[in-house]
Amino acid sequence: MANVIEADHLGKHYRGTWALRECTLAIPAGHVAALVGPNGAGKTTLLNLAVGLAEPSAGAVTVLGGRTAGSRAALDGIAFVAQDTPVYQNLSAKDLLHLTRNLNRHFDLGYARGRLGELGIPLKRKAGKLSGGQQAQLALTLALGRRPRLLVLDEPLANLDPVARHDFMATVMAAVAADGVSVLLSSHVLAELERVADYLILLSQGQVQLAGKAGDLLASHRMAGLEELALAYLRKTLEVAR
Amino acid sequence: MSALTMSARLGNDTDLRPVPWRRMAWVTWRQHRFALAGVAGLLGVLAAYLVFTGLPMHHAFAAVAACRPASSLACGNAIGDFDNAHWSTAEAIAVLLQVVPALIGAFAAAPILARELETGTFRYAWTQGIGRTRWTLAKLVPLAVTAAAAAGAFSVLFYWYFKPFVDQGLQTRLPPLAPLVFDLHGVAFAAWTLAACSIGALAGMLIRRVVPAIAATMAAWAGLALAAGLFLRQHYLTPLVAHNPNLPGSAWIISSWYTGRNGKPLSQAAVSQFLQGYHPAAQQVGPNSVQTNLDPVGYITQHGYKFWVTYQPGSRFWPFQWIEGGYLLGLSVLLIAATIWLVRHRAA
């Protein structure tokens with residue numbers, strides 16, 4: 001399988017400080033990959049680089065088997081839901097479906113309408129009048145309606161209550177089961193990704209500390225769970241920093 | 001699927017056809033119809049006002065223009081009455097219209113990118129399959145061109161409205177190059193609207209917040225408009241020089257002065273003193289007795305002094321319109337290009 005994301009000595013600096021440096025990694029297709037690390041570790045920077053919102057200061061990043069990040073070919077196959085799931089507050093769910101359909105070559109309107117129906121989100125209601133959980137589901141539906149090969153989610157669960165978190169991940173996992181879409185999602189709380197993630201990238205202080213399939217990592221480190229493993233690594237990097 | 005066939009499949013559609021432009025037309029209309037309606041409403045209300053006040057004014061002016069003999073006292077009074085009745089309104093409208101391009105640029109154009117960046121929706125919009133270059137072009141260009149076209153149509157109406165006051169030969173109020181009206185006529189009004197929209201787009205992208213972007217657009221536009229009106233426009237073509245004070249009313253006078261016998265310019269005080277000392281009667285020359293032969297300029301030149309005036313003749317109206325329209329169009333293209341560059345390279 002090709003790699004959905006390949007970074008080669010990738011770096012990004014903002015105003016003199018490196019948000020991400022010397023990042024080399026390859027995430028194979030067909031995984032639900034969790035990008036984990038403390039706040040300020042460079043997770044959002046890496047995701048912005050992967051979806052083309054930011055340009056590398058050093059190195060290179062390609063997606064979907066060698067496409068330049070941010071190119072039209074890359075954007076055609078990637079759907080991105082940013083942190084706080086921004087959607088136009090003054091547009092109705094129906095308008096947002098049409099908007100997304102018009103901004104892409106393909107959009108599965110039937111799927112998206114059906115999904116919003118199941119979620120009980122009224123098509124006529126403005127996005128700004130929906131609850132936080134409903135807005136997140138709406139943004140996710142807009143992304144999945146594009147039938148992407150790679151779904152990128154930046155801190156999708158950060159502002160959701162426990163029920164909404166569960167429902168959101170259920171939608172993601174249903175798409176994985178149905179379409180085989182690859183997923184890359186970031187979080188600073190690993191506990192809630194433990195059950196779904198089968199690939200882990202641990203980022204700390206702008207550098208990749210650990211990357212690999214969850215099963216392999218647990219076996220080689222003799223750990224029972226991803227959270228335990230991540231914590232051990234984060235403690236280690238903190239000690240090194242001191 | 002092996003890595004080879006997967007990358008072959010991915011490689012095949014890397015030159016995929018882009019999302020067609022017409023799809024963006026719906027997006028632009030759906031998201032900016034209120035801004036467009038605002039532009040249409042503003043220009044529509046102003047146009048209605050021009051028509052309702054302009055029709056009776058033109059009616060009155062036709063009567064004044066038909067007065068014969070034109071040099072009679074009665075006709076002179078009729079012109080004076082017309083002026084008293086209509087000039088102040090027309091002048092106020094011309095002053096008010098000066099800011100219309102800035103309002104359009106600030107309130108219709110500046111929020112387009114600033115709102116996306118302020119609310120974070122650019123992270124949605126600029127990661128869709130259409131790509132952000134197309135998205136930005138398909139928003140900025142139609143909106144700016146539509147606003148400019150509406151302004152252009154409006155300036156035709158203004159030309160009709162203001163005609164009695166611009167170089168009619170009969171009663172000349174203003175030369176057509178006068179700062180008050182030049183940029184409301186011809187292609188200039190549309191060009192200034194286009195420039196204001198481009199300034200707004202770039203300000204929105206640079207500042208990334210709606211209200212400061214609106215303020216910055218107004219400030220930048222005002223600076224440019226003042227620079228053009230006060231300093232640049234008079235130099236588009238080299239001004240003509242004359243020594244005759246009786247220039248045609250269509251001439252836009254830039255400066256005038258006297259030089260003494262030694263060829264050096266005289267101060268205003270020196271000229272007044274000269275007039276006082278050598279010809280006391282000149283002081284009694286009031287505005288109503290210009291027809292008498294107490295011409296101070298003629299008197300002063302007889303005594304070896306020289307009168308100078310630099311001016312732009314009215315025949316340069318269209319060359320000046322094309323010069324101003326041309327560089328504003330060039331500036332607009334540059335600003336939009338800079339905005340697109342920033343969108344491509346400084347998104348996050």
Side-chain angles (χ1 to χ4, degrees), chain A residues 1-4 12 14 28-30 44-45 47-55 63-68 70-91 95-96 98-107 127-128 139 142-143 146 148-149 152 154, chain B residues 1-35 111-112 115-136 138-139 210 341-348:
Chain A
M1 288 289 264
N3 293 320
V4 287
K12 178 74 188 173
Y14 290 105
T44 296
T45 303
L47 296 186
N48 279 342
L49 288 163
V51 300
L53 280 175
E55 286 192 327
V63 295
L64 300 173
R67 301 176 187 188
T68 311
S71 66
R72 213 157 56 209
L75 290 174
D76 196 58
I78 296 186
F80 176 53
V81 180
Q83 198 165 357
D84 303 328
T85 59
V87 286
Y88 299 105
Q89 302 288 304
N90 60 337
L91 293 190
D95 282 337
L96 284 165
H98 282 289
L99 190 73
T100 312
R101 191 172 69 106
N102 279 313
L103 290 174
N104 291 284
R105 293 196 310 143
H106 310 291
F107 189 76
L142 296 176
R146 293 173 54 193
R149 298 208 188 110
V152 179
D154 190 5
Chain B
M1 199 189 292
S2 74
L4 197 68
T5 57
M6 179 75 168
S7 33
R9 194 167 71 85
L10 292 175
N12 276 342
D13 56 7
T14 44
D15 53 2
L16 39 85
R17 285 184 306 136
V19 179
W21 289 105
R22 65 186 147 74
R23 302 259 208 104
M24 266 309 289
W26 184 90
V27 175
T28 303
W29 169 248
R30 180 63 191 82
Q31 294 195 282
H32 303 290
R33 54 190 183 181
F34 293 115
I112 296 174
R115 184 164 295 130
E116 298 278 344
L117 291 156
E118 185 171 301
T119 59
T121 46
F122 74 100
R123 295 176 197 279
Y124 158 88
W126 296 354
T127 52
Q128 303 298 313
I130 193 162
R132 54 185 187 260
T133 309
R134 264 178 183 251
W135 181 94
T136 312
K139 288 213 166 193
V210 175
W341 188 90
L342 285 170
V343 166
R344 289 173 68 105
H345 298 285
R346 295 279 184 277

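Lettering follows sequence order; numbering is per chain, from 1.
Your options are Arg22(B), Arg134(B), Arg123(B), Arg344(B), and the one with the most heavy-atom pairs under 4.5 Å with chain A is Arg123(B). Between chain A and the residues Phe122(B), Trp26(B), Trp135(B), Trp126(B), the largest count of heavy-atom pairs under 4.5 Å involves Trp26(B). Contact count versus chain B (heavy atoms, under 4.5 Å) is highest, among Leu75(A), Leu53(A), Val81(A), for Leu53(A). Put simply, of Leu142(A), Val51(A), Leu99(A), the one with the most heavy-atom pairs under 4.5 Å next to chain B is Leu99(A).
Only the backbone of Arg101(A) comes within less than 4.5 Å of a heavy atom in chain B; its side chain stays farther off. Of the two parts of Leu47(A), neither the backbone nor the side chain holds a non-hydrogen atom closer than 4.5 Å to a non-hydrogen atom of chain B. Proximity to chain B (any heavy atom under 4.5 Å) is shown, for Thr85(A), by neither the backbone nor the side chain. For chain B, the nearby parts of His98(A) are the backbone and the side chain; heavy atoms of each come within less than 4.5 Å. For Asp95(A), the parts sitting under 4.5 Å from any heavy atom of chain B are the backbone and the side chain alike. Looking at Pro18(B), both its backbone and its side chain come within 4.5 Å of chain A, counting heavy atoms on both sides. In this structure, the portion of Thr119(B) lying under 4.5 Å from any heavy atom of chain A is its backbone and not its side chain.
Taken from CD in Glu116(B) to CD in Gln31(B), the straight-line distance is 6.0 Å, to the nearest 0.5 Å. Taking CD1 of Ile130(B) as the reference point, atom CZ of Arg23(B) lies at 8.0 Å (rounded to 0.5 Å). Between the OG1 atom of Thr28(B) and the CZ atom of Arg33(B) there is a distance of 13.0 Å, given to the nearest 0.5 Å. Summarising the geometry, atom CG belonging to Asp154(A) is positioned 7.0 Å from atom CG belonging to Asn48(A); distances are rounded to the nearest 0.5 Å. For the atom pair CG of Leu49(A) and OG1 of Thr44(A), the computed distance is 11.0 Å after rounding to the nearest 0.5 Å.
In this structure, Gln89(A) contributes its side chain and Val87(A) its backbone to a donor-acceptor pair below 3.5 Å.
A 4.5 Å side-chain heavy-atom check between Lys139(B) and Val27(B) finds at least one atom pair inside the cut-off.
Atom CZ of Phe34(B) has 12 or fewer heavy atoms from other residues, nucleotides or ligands within 6.0 Å.
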